[in-house]
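Below you'll find the structure, written out as structure tokens, and then a few comments.
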Amino acid sequence: LDDHLHTYNRIAGVRKFGLRHVVVEDNYKLGEGATPFDKKSTPKQMFHGEKWKKEGDWLFDNTVAYAEFPPLVPPIMAAAFKGKRKEAGG
């Protein structure tokens, strides 16, 4: 899921249709994110936010495996990087 909508609601919704495997591309910490929904609805937030205990408990009970992976693109490639970049090409 990478649509910057309410991720928790999307996970609950796809479960109703029998989808069992979900990858959440943006899994922000509590209060972080690119959109208002990103800041309040990712699995990480559901698991760690007291405000979201009910949702976190449901997610925990309906999750067999949960893993977080490091960013695939190094920070040097981020738009905010102001250091020297290599020229494009090989």
Side-chain angles (χ1 to χ4, degrees):
L1 301 173
D2 183 26
D3 51 14
H4 299 278
L5 297 175
H6 201 289
T7 305
Y8 170 80
N9 289 344
R10 302 285 280 174
I11 292 171
V14 299
R15 293 274 301 157
K16 291 179 184 177
F17 291 99
L19 289 169
R20 297 177 42 200
H21 304 278
V22 177
V23 175
V24 177
E25 195 270 329
D26 297 309
N27 194 16
Y28 296 104
K29 296 176 187 171
L30 197 57
E32 294 182 8
T35 70
F37 285 127
D38 287 343
K39 295 177 182 179
K40 62 182 180 184
S41 70
T42 67
K44 186 182 295 190
Q45 295 163 355
M46 298 293 123
F47 287 140
H48 299 290
E50 280 301 314
K51 180 178 179 181
W52 308 108
K53 179 153 178 35
K54 179 181 170 189
E55 292 85 350
D57 288 347
W58 180 90
L59 196 57
F60 182 82
D61 292 341
N62 288 278
T63 300
V64 174
Y66 174 85
E68 293 183 17
F69 299 91
L72 298 177
V73 177
I76 193 170
M77 296 184 73
F81 180 74
K82 301 298 182 202
K84 185 176 180 184
R85 299 176 186 265
K86 288 178 24 178
E87 290 186 32

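Start at 1 with the first residue, then count along the sequence.
Heavy-atom contacts from other residues, nucleotides or ligands closer than 6.0 Å to CZ of F60 number 12 or fewer. For E50, the CD atom is loosely surrounded, since the number of other residues' heavy atoms within 6.0 Å does not exceed 12.
Residues A12 and W58 share a closest heavy-atom pair of CA-CH2, 3.7 Å. Closest approach of Q45 to E32, counting heavy atoms only: NE2-O, 3.6 Å.
Atom NE2 of H48 sits about 13.0 Å away from atom NZ of K53, to the nearest 0.5 Å. In this structure, the separation between CD1 on I11 and CG on N62 is 10.5 Å, given to the nearest 0.5 Å.
Contact annotation: the side chain of R15 approaches that of R20 to within less than 4.5 Å [non-hydrogen atoms, C-beta and beyond].
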